[in-house]
Student: 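Take this structure first; my questions come after.
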Amino acid sequence: MIQDQLAICGLGECRGAILTDAAPATLIEKAIRSNEGSLASNGSLCVKTGAYTGRSPHDRFIVDTPDVHDVIAWGAANKPFAVEDYQRVKQAVCDYLKVRDLYIVHAIAGADRRWCRKFLVVCERASQALFARQLLVRPSRRQLADFEPQDFSVLVAPGLKLDPSVHHTHSEAAVLINFETHEIIVAGTMYSGEIKKAVFSVMNYLLPVEDNVLPMHSSANMDPVTGETAVFFGLSGTGKTTLSADPQRMLIGDDEHGWAENSVFNLEGGCYAKAIRISAVTEPEIFDAIRFGSICENVVIDPVTRRPDFFDGSLTENTRAAYPIDYIKNAQVMGQGRYPNVVIFLTCDSFGVLPPISRLGRDGAMYHFLSGFTSKVAGTERGVNQPVPTFSTLFGEPFMPLSPLWYADMFGAKMERSGTRVYLINTGWTGGSYGTGARMDLASTRLMVSAALSGSVEDATFVHDPVLNVDVPQHVDGVDPHILNPRDTWLDKAEYDRAACALAQMFVDNANAKYPDMTDAVRAAGPQPQA
């Protein structure tokens with residue numbers, strides 16, 4: 001069976017050894033013997049990813065085939081790649097992999113089997129095979145027996161350095177998605193997040209187009225008693241993983257989900273958490289999940305004691321830990337919940353302007369879903385060393401192949417049918433902008449999230465902010481009321497007013513540039529700079 005599956009993706013004549021669906025212990029042993037990484041004192045496999053310690057968006061392309069040419073939202077996030085150039089890269093990758101020992105992983109994207117897809121992942125590194133096994137959904141015996149043919153193949157060749165002058169890539173690395181041949185190529189980079197996000201990008205096309213399911217760059221959890229489900233949108237570094245790993249709730253997933261008619265389901269079978277500065281005190285669920293079978297990327301370990309130093313960012317601020325979702329004690333291992341009662345947009349505002357919590361109506365929620373305002377935090381992408389304000393459409397623009405309005409219309413319709421409440425929570429700065437103010441403390445943010453999930457925040461008095469055009473609660477149990485209105489935390493009130501108007505204008509300019517077809521009602525629900 002495996003030979004037929006390899007033949008589908010052009011690897012029918014491999015001359016190296018092939019290890020298929022190996023146990024984590026076997027893959028860890030192979031990785032250590034091949035000098036791919038070291039075993040830390042907590043049992044995790046620690047690897048270094050070289051020059052690529054984060055995603056490389058300039059190296060990601062979608063092959064411009066006739067079947068998707070008129071559907072893909074081409075632009076800075078979805079750059080076209082010529083078919084003939086893809087064939088040239090594919091041949092180079094196949095020639096490279098055919099003479100090497102290979103690790104094969106049968107994996108599934110989508111915990112709800114009605115909407116799942118089968119991925120055959122082919123790796124040259126045991127550590128990346130372990131990553132794929134732990135991050136994607138692990139198929140049952142019945143699903144393995146019924147796996148052929150795979151829906152998509154993923155060829156991972158980090159040791160192959162491409163030649164831009166020959167292959168017409170941006171650099172020696174490339175992430176290529178071909179919807180016509182059902183293939184993903186990841187070459188020239190050892191950063192495993194590229195595998196995960198390429199699979200996510202594929203699902204972000206297939207689910208809405210073929211299944212009427214809304215894909216979401218989000219985490220999700222549920223109340224173990226009532227079953228009420230919450231979805232958290234946010235870019236890396238906004239707290240998606242941290243805030244969804246709540247010991248009082250069951251974790252459905254930490255990063256990628258689908259919203260079907262009456263359910264939310266995880267696209268993955270694991271978590272990929274930022275590991276920088278975590279501890280057993282601040283993030284106990286994640287800290288305890290980093291053990292044997294997990295993979296740490298670019299986490300520095302002591303050469304003598306082998307203890308990982310999660311506070312050492314000398315290799316990158318984007319240190320990562322990957323582990324199966326059942327390593328979280330309170331995980332909902334089936335990866336499914338009902339429709340979301342609450343949606344939370346997480347934003348990291350480096351200007352220190354947005355309230356730490358505010359309520360959005362339907363049109364406001366649509367506006368902020370399209371805007372996706374946040375700040376890229378240090379290390380998330382190559383070259384990002386301090387917070388960079390950005391508008392990332394749908395809180396996941398780099399991974400959304402279709403028109404933003406396609407996803408937004410689906411979001412609005414599902415939100416309205418489900419009666420979902422929506423809140424905007426700022427995990428960024430307070431008392432001033434980055435460099436002057438302070439980062440919002442995690443304990444207070446957790447209390448505000450809990451109030452939103454329980455609905456207790458609705459008992460508060462709300463004050464409307466006319467510039468930011470949001471409703472701000474004046475009381476949240478356990479939270480210092482002084483921080484709820486950001487203007488009160490600034491020493492220079494006039495400076496805050498100027499900063500708030502400047503940010504509001506940024507929203508307006510972004511919406512005007514990106515969404516000329518946005519409805520008047522949605523546009524009016526966004527920030528309104530004052531004259």
Side-chain angles (χ1 to χ4, degrees), residues 24-25 27-29 31-55 125-128 130-131 134-135 158 189-194 196 236-245 247 254-255 270-324 327-329 348 376-387 427 434 438-443 445-446:
L27 292 173
I28 291 169
E29 184 180 67
I32 292 172
R33 286 183 175 178
S34 301
N35 296 316
E36 294 179 25
S38 303
L39 200 65
S41 61
N42 62 2
S44 65
L45 176 66
C46 291
V47 300
K48 297 178 181 178
T49 64
Y52 293 84
T53 58
R55 289 187 304 103
R125 290 171 63 89
S127 56
Q128 291 195 302
L130 178 65
F131 177 92
Q134 305 295 55
L135 257 291
T189 171
M190 291 187 288
Y191 180 67
S192 293
E194 297 285 19
K196 164 190 163 74
S236 178
T238 57
K240 218 168 52 269
T241 299
T242 298
L243 293 169
S244 57
D254 82 322
D255 197 43
C271 302
Y272 191 43
K274 283 181 72 71
I276 194 70
R277 288 181 287 279
I278 69 166
S279 73
V281 175
T282 58
E283 298 173 75
E285 290 77 25
I286 297 173
F287 187 87
D288 291 342
I290 305 175
R291 58 181 191 265
F292 187 80
S294 62
I295 312 102
C296 288
E297 288 184 327
N298 302 308
V299 172
V300 176
I301 61 175
D302 186 283
V304 177
T305 66
R306 295 290 184 89
R307 291 178 180 171
D309 184 353
F310 294 115
F311 287 79
D312 189 334
S314 58
L315 295 177
T316 177
E317 284 282 307
N318 192 40
T319 58
R320 291 277 176 172
Y323 46 85
Y327 279 25
I328 297 289
K329 295 176 184 177
C348 176
K376 296 178 184 178
V377 298
T380 304
E381 293 181 6
R382 299 185 73 201
V384 178
N385 301 311
Q386 62 182 24
T427 64
Y434 171 78
R439 189 81 189 258
M440 202 73 65
D441 74 279
L442 182 59
T445 298
R446 286 191 188 279

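The shown structure was predicted, so the numbers you read here are calculated from the model rather than taken from an experiment.
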Student: Let me confirm one number: the OG1-CD distance from T242 to E283, rounded to the nearest 0.5 Å.
Tutor: 3.5 Å
Student: Under the ring-ring contact (aromatic ring centres under 6.0 Å, His included) rule, collect the residues that match up with Y327, sequence neighbours excluded.
Tutor: none
Student: What residues, two or more places apart in sequence or in another chain, satisfy salt bridge (charged side-chain N to carboxylate O under 4.0 Å, His left out) together with K240?
Tutor: D255
Student: Quick one: side-chain hydrogen bond (donor to acceptor under 3.5 Å, both in side chains) partners of T49, sequence neighbours excluded?
Tutor: N298
Student: Could you tell me whether R277 and E317 make a salt bridge, using a distance below 4.0 angstrom between a side-chain N and a carboxylate O?
Tutor: yes
Student: What are the two closest heavy atoms between S127 and V47, and how far apart are they?
Tutor: CB-CG1, 4.0 Å
Student: Side chain of R439, backbone of T427: donor and acceptor closer than 3.5 Å?
Tutor: yes
Student: About how many Å separate CG of L135 and SG of C271, when rounded to the nearest 0.5 Å?
Tutor: 8.0 Å
Student: Which pairs pass salt bridge (charged side-chain N to carboxylate O under 4.0 Å, His left out) with one or both residues in residues 284-298, sequence neighbours excluded?
Tutor: D288-K329
Student: To the nearest 0.5 Å, what is the distance between CD1 on I32 and OG on S38?
Tutor: 7.0 Å
Student: Quick one: closest heavy-atom pair of N318 and G54, and the distance?
Tutor: ND2-CA, 3.7 Å
Student: Check the angle between the aromatic planes of Y272 and F131 and answer parallel, tilted or perpendicular using the 30° and 60° thresholds.
Tutor: perpendicular
Student: Who passes ring-ring contact (aromatic ring centres under 6.0 Å, His included) against Y323, sequence neighbours left out?
Tutor: none
Student: Would you confirm whether Q134, through its side chain, and G293, through its main-chain N or O, come within 3.5 Å as a donor-acceptor pair?
Tutor: yes
Student: Show me the pairs that pass salt bridge (charged side-chain N to carboxylate O under 4.0 Å, His left out) and involve residues 302-315, at least two apart or across chains.
Tutor: none
Student: Ignoring hydrogens and geometry, is there a side-chain-to-backbone donor-acceptor pair from E36 to A126 under 3.5 Å?
Tutor: yes
Student: Which atom names give the shortest non-hydrogen contact between S314 and V300, and what distance separates them?
Tutor: OG-CG2, 3.7 Å
Student: How close do C296 and I290 get, counting heavy atoms only, and between which atoms?
Tutor: SG-CG2, 3.5 Å
Student: Nearest 0.5 Å, please: how far is CE in M440 from SG in C348?
Tutor: 9.5 Å
Student: Taking all heavy atoms of L130 and all of I295, pick out the closest pair and write down the distance.
Tutor: CD2-CG1, 3.4 Å
Student: List in chain and number order the residues that pass side-chain hydrogen bond (donor to acceptor under 3.5 Å, both in side chains) with S34, two or more places apart in sequence or in another chain; answer none if no residue qualifies.
Tutor: none
Student: T189: what forms a side-chain hydrogen bond (donor to acceptor under 3.5 Å, both in side chains) with it, not counting sequence neighbours?
Tutor: none
Student: Quick one: list whatever passes side-chain contact (heavy atoms from CB on, under 4.5 Å) with P308, sequence neighbours left out.
Tutor: A40, S41, N42, V299, I301, F310
Student: Hey, could you give me the CG/OG1 distance between L315 and T53, rounded to the nearest 0.5 Å?
Tutor: 8.5 Å
Student: Taking only residues two or more places apart in sequence, or in another chain, which ones meet S294 in a side-chain hydrogen bond (donor to acceptor under 3.5 Å, both in side chains)?
Tutor: none
Student: Where do G50 and M190 come nearest, in terms of heavy atoms and distance?
Tutor: N-CE, 4.0 Å
